[in-house]
Amino acid sequence: MPYPVAKHPYMLAATDGEPARRFYDIIVIGSGIGGLTAAVGAARRWKVALISKSVLRDTTTFLAQGGIAAALSEQDSPQLHLEDTMRAGAGLCKEEAVRILVNEGPDRVRELMEICPKFDRSGGDLVLASEGAHSVPRIAHAGGDATGSEVASALAQAMRSGSRVQVLEQEFVVDLLTSGGRCVGAVSLNLRTGEFTLDYASATVLATGGSGQVYSLTTNPAVATGDGMAMAWRAGAAIGDMEFVQFHPTGLYADESPIFLITEALRGEGAYLLNHAGERFMVGVHPQAELGPRDVVVKEMVKQMSAAGREFLYLDATHLDCQKIRQRFPTVYETLRDRGFDICRDRIPVAPVCHYMIGGVTTDLWGRTTLPGLYASGEVSNTGVHGANRLASNSLLEGLVFSDRIVRDLDRYAGASGGSARRLTIELPAPATGKNEPAQLADIRRRLQKLMTADVGIVRDERGLNRALGRIGSLLEELEPPGASPEEYELYNLITVAGHITRAALLRTESRGAHLREDYPQRDDARWKHHINFRLKGDRREGEVFGGYG
Ligand SMILES: Cc1cc2nc3c(=O)[nH]c(=O)nc-3n(C[C@H](O)[C@H](O)[C@H](O)COP(=O)(O)OP(=O)(O)OC[C@H]3O[C@@H](n4cnc5c(N)ncnc54)[C@H](O)[C@@H]3O)c2cc1C
């Protein structure tokens, strides 16, 4: 069955005159935890460029609050972390990948602590927090609830203090370059000068983050438009597990974008979820009550909201020690105060919101995608560690661990293939003739986000998914081929990702982890204990679906 994806293998059209060329050993695309970790490591040996479509700190990583999960205490062990991760993943975690995550995680976090001294300690000992579905306190955090900004700043500092990384900010990577079945670099648009450049490299590391902007209500920043997943798909790499989109239970119920997230660690400190009758509705639903896995909590929240005919529930921390809350969660306390709430006195209205893309560009245990020369790390990747539902605070860890493995693999791969990229020429499609007006682009983006929230959101069914697929196709038809603006590129990418999420959600006729089908409410291991991957095959633009991890 055909399904809507962007129409062209390369979005970039040939421009007048020859684009400039730059040559590196390694290109890293993205400046979050995945990209910074890869760039810092690779620069020890290679000539590296790190490209970001915005400024360095404009990332999801910068917003992370709760912290990083790793077995760092005596009461914990990698085996326990593995069991928790696998249980949350609802039967779809790739065990080998999880084993790597939990075994290598503690050392990677300790190394991070050497360059980021702001991890919270008490009397010299690391303070570890509790979060949903973790059986012991395991979350290391920095600056209270400012882990992401502390970690990202420390990694950026480490990168800048070494001289070998060329940092290219405000350069929008439009497409990956391929030749002879390999990725040989990327094409980028300089957002300040409007010029395109062809960047050639022996290996390219995709670390472009998630795709939360596909939905109208999301905690993700504006940069999270799924560019990496869409460009990898166009280049012929497999993308998989796209139906698994994680919704976070406690987004602030407010008319804003992105939605402010209230970290799960607050529930770890004892905050309750209450319904409109003031009852703790999670007690009796899951043994860990409010700290059950995210999919379980979100599912119950949807039930409670629908029974009450309301769009929100409450988070209640009023019974906790106010001084402690202010100290431990300064970002949450101050942000809520700026919006008129006192978390020590007020119940806070919250609702589940799109938070994390579990699927992405499918990789092996070394971060290699199915396209030689292309690696993926962080939220853009689909390493298999999250299964059908990510365990809280495992994503920063995933970026750290797998970027480190990519760096180790680069030392083998890039060394073996270096230099050949210099001789390649790339043929780009003819320039677009039509034009997409900015107001029309903004309108289509809004309509896409709304329809994804309504029909491909937390609870799905065949009718809604088919309707969404049809409408995504119609939105695509309204567009001219992309010209040369980032708004056009992002919209094409969003449509590509939305099409794949919807198609995969339609195919998976069961409920599992973050994927809830009203018409197929049961988990069906006999038919569905496998993964859905998509990839382009030759010139067949409609792509193909295949199971497993290859
Ligand atoms: C509010 C919030 C709180 C969170 N808290 C936690 C937490 O406590 N613990 C945890 O483990 N996880 C948390 N997460 C999830 C976690 O933060 C992310 O999954 C992780 O930071 C993603 O890192 P990344 O390196 O993959 O991508 P990002 O940090 O999103 O970085 C992506 C980079 O790619 C660049 N980019 C994208 N497209 C292009 C393009 N076309 N060309 C050039 N550059 C491009 C962007 O500009 C950016 O630099 C949280 C997420 C949110 C939204």
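Just so it is clear, the model here is predicted, and its values are computed rather than measured. Residue numbers count from 1 along this sequence. Remember, it's 1-based here, ligands and their atoms both numbered in the order they're listed.
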Atoms in ligand 1 flagged as close to Y356, the criterion being non-hydrogen separation under 4.0 Å: 19 (O)

Applying a strict 4.0 Å limit to heavy atoms, is E171 in contact with ligand 1? yes

Best match, L50, T61, I68: closest heavy atom to atom 29 (O) of ligand 1: T61

Using ring centroids (six-membered ring only for Trp), state whether F244 and H386 fall under 6.0 Å. no

Top protein contact for atom 40 (C) of ligand 1, by heavy-atom distance: D227 OD2, 3.6 Å

Which option wins on minimum heavy-atom distance to atom 32 (C) of ligand 1: I259, V55, T208? T208

Less than 6.0 Å separating the ring centroids of Y489 and F172? yes

Which option, V151, I139, T59, owns the non-hydrogen atom nearest atom 48 (C) of ligand 1? T59

Among all the protein's non-hydrogen atoms, which is closest to atom 11 (O) of ligand 1, and how far away is it? L396 N, 2.9 Å

Geometry only, no angles: is G67 polar-contacting ligand 1 at N/O separations under 3.5 Å? yes

E490 near ligand 1 by a heavy-atom separation under 4.0 Å: no

To the nearest 0.1 Å, how far is atom 10 (C) of ligand 1 from its closest protein heavy atom, and which atom is that? S395 OG, 3.3 Å

For atom 45 (C) of ligand 1, tell me which residue out of Q246, E131, K53, E379 has the closest non-hydrogen atom. K53

With a cutoff of 4.0 Å, is G399 in contact with ligand 1, counting heavy atoms of the residue only? no

Nearest to atom 1 (C) of ligand 1 by heavy atom, I33, L397, L261: which? L261

In terms of the angle between their ring planes, are W233 and H500 parallel, tilted or perpendicular, with boundaries placed at 30° and 60°? perpendicular

Could you list the atoms of ligand 1 found under 4.0 angstrom from a heavy atom of G34? 25 (O)

Does the separation of the ring centres of Y215 and F247 fall below 6.0 angstrom? yes

Could you pull out all residues at least two apart from Y253 that satisfy ring pair (Phe, Tyr, Trp, His ring centres under 6.0 Å)? F312

